[in-house]
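Values below: every heavy atom of this structure, side chains too, minus hydrogens, waters and symmetry copies. Both ligands and their constituent atoms are indexed starting at 1 by order of listing.
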Amino acid sequence: MKVFTHPACLRHEPGPGHPEAPARLRAVLDRLSDDGRFRPEIAAPAPRDTLLAVHPPEYLERLEALARGGGGMLDPDTVMCDASWEAAVAAAGTALAALGSALAGEPAFAAIRPPGHHALANRAMGFCLLANAVIVARAAQRSGCDRVLIVDWDVHHGNGTQALVEHDAAIRYVSLHQWPAYPGTGRAAERGVGNVFNVPMPPGLPPEHYLSALWDAIVAATEGWEPDVLLISAGFDAMAGDPLAGFTLEPEHYAELTRRLRERLPSTSMASLLEGGYIPSRVGDGVLAHLAAF
Ligand SMILES: [Zn+2]
């Protein structure tokens, strides 16, 4: 198991009181450092062509220019500072490094921010600037992967990921998320070209309910369809106590899911990318349980 990160990810500052704070990533890195089993390696920023496989050039130029001018607000939740462009490109590059390790035979985790699964091709939203998981999925396809599975266990629906892959039958997207909740997409009836498997669930249920519903969807998505690569959009805001949602998962549940995925998909390359999770210490605990289960 490898872990990649980039120091620029800590310099993205959405402002005082914003839940998507540098403290989240710092807590993850501190937890890994205290534990000692996983030593993060520094990845390279994403090459421009990997971003252009998902986002139009005008959009990238707009974000870059906003950062160069000192930053600004992209929507009520999504704010850039002067270092945010560098952070976003570093996050995408770190996710690509995790893919490279996975394809070389060693699963990997990208400890990154800003997150990515709400970002659309030409619109930032929900704290997300670049669609990290889709950038990685497209890179995997260019490396010869015919089947890419994205499992998104962040408590919010990855509307950006879905929108960017829902016409591509070679990518399957499974998402467990709170319903109703931000961003308002993710109904079970949204099936793409049969490649989208949404699991909307109410808050406050016992954790086993969330686990088994997600697992059923993963089984449905992989029945007779073995992915070459699995990308996990690993948010940790489905944990009990998260200020932005009402699910009830604990670190052991991420470990359980990770073990089950490893067992079900033994020859699939696996890369996991940090998405949300808004109690820094809990995100650290969740990440460590997830990594240890690999
Ligand atoms: Zn989330």
Side-chain angles (χ1 to χ4, degrees), residues 9 12 14 17-25 27-28 74-79 87-88 91-92 95 109-120 123-134 136 150-165 173-187 190 196-205 207 210-211 213-214 217 231-251 253-254 257 272-287 289-290:
C9 293
H12 164 55
H18 196 290
E20 205 289 279
R24 303 175 55 245
L25 179 55
V28 169
L74 292 157
D75 83 359
D77 303 317
T78 314
V79 185
F109 178 73
I112 52 177
R113 59 183 289 280
H117 73 154
H118 295 304
L120 297 163
R123 185 179 154 203
M125 60 181 281
F127 317 159
C128 299
L129 303 178
L130 298 174
N132 299 323
V134 184
V136 173
I150 302 174
V151 170
D152 185 335
W153 67 44
D154 188 281
V155 79
H156 302 101
H157 179 242
N159 61 296
T161 304
Q162 178 175 306
L164 288 161
V165 307
Y173 177 64
V174 179
S175 175
L176 167 71
H177 44 271
Q178 184 169 318
W179 181 272
Y182 183 88
T185 51
R187 291 175 175 80
E190 296 166 24
V196 173
F197 300 77
N198 279 319
V199 186
M201 302 274 287
L205 301 177
Y210 300 114
L211 224 58
L214 174 59
L231 307 176
I232 301 174
S233 261
F236 293 87
D237 43 9
M239 293 176 85
D242 192 276
L244 300 194
F247 278 15
T248 55
L249 300 193
E250 294 294 333
H253 301 115
Y254 296 100
L257 279 167
S272 177
L273 322 178
L274 183 62
E275 297 278 2
Y278 300 99
I279 302 176
S281 63
R282 295 278 276 166
V283 180
D285 293 344
V287 166
H290 172 43

**Asked** Going by atom types alone, do Ser175 and His157 pair a side-chain donor with an acceptor below 3.5 Å?
**Response**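 There is no such pair (donor and acceptor under 3.5 Å, judged by atom type) between the side chains of Ser175 and His157.
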
Give, for atom [atom1] of [X] and atom [atom2] of [Y], the distance between the pair rounded to the nearest 0.5 Å.
X: Ile112; Y: Glu275; atom1: CD1; atom2: CD; value: 7.0 Å
X: Leu249; Y: Leu176; atom1: CG; atom2: CG; value: 7.5 Å
X: Ser233; Y: His156; atom1: OG; atom2: NE2; value: 13.5 Å

**Item:** His156 backbone or side-chain N/O/S under 2.8 Å from the Zn ion (ligand 1)
**Value:**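 True for His156.
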
**Request:** Tell me, please, if Asp154 has any N/O/S atom, main chain or side chain, under 2.8 Å from the Zn ion (ligand 1)?
**Result:**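 Yes, Asp154 qualifies, because one of its backbone or side-chain N, O or S atoms lies under 2.8 Å.
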
**Asked** Any idea which N/O/S atom from Asp237 gets closest to the Zn ion (ligand 1)?
**Response**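 Output for this pair reads OD2.
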
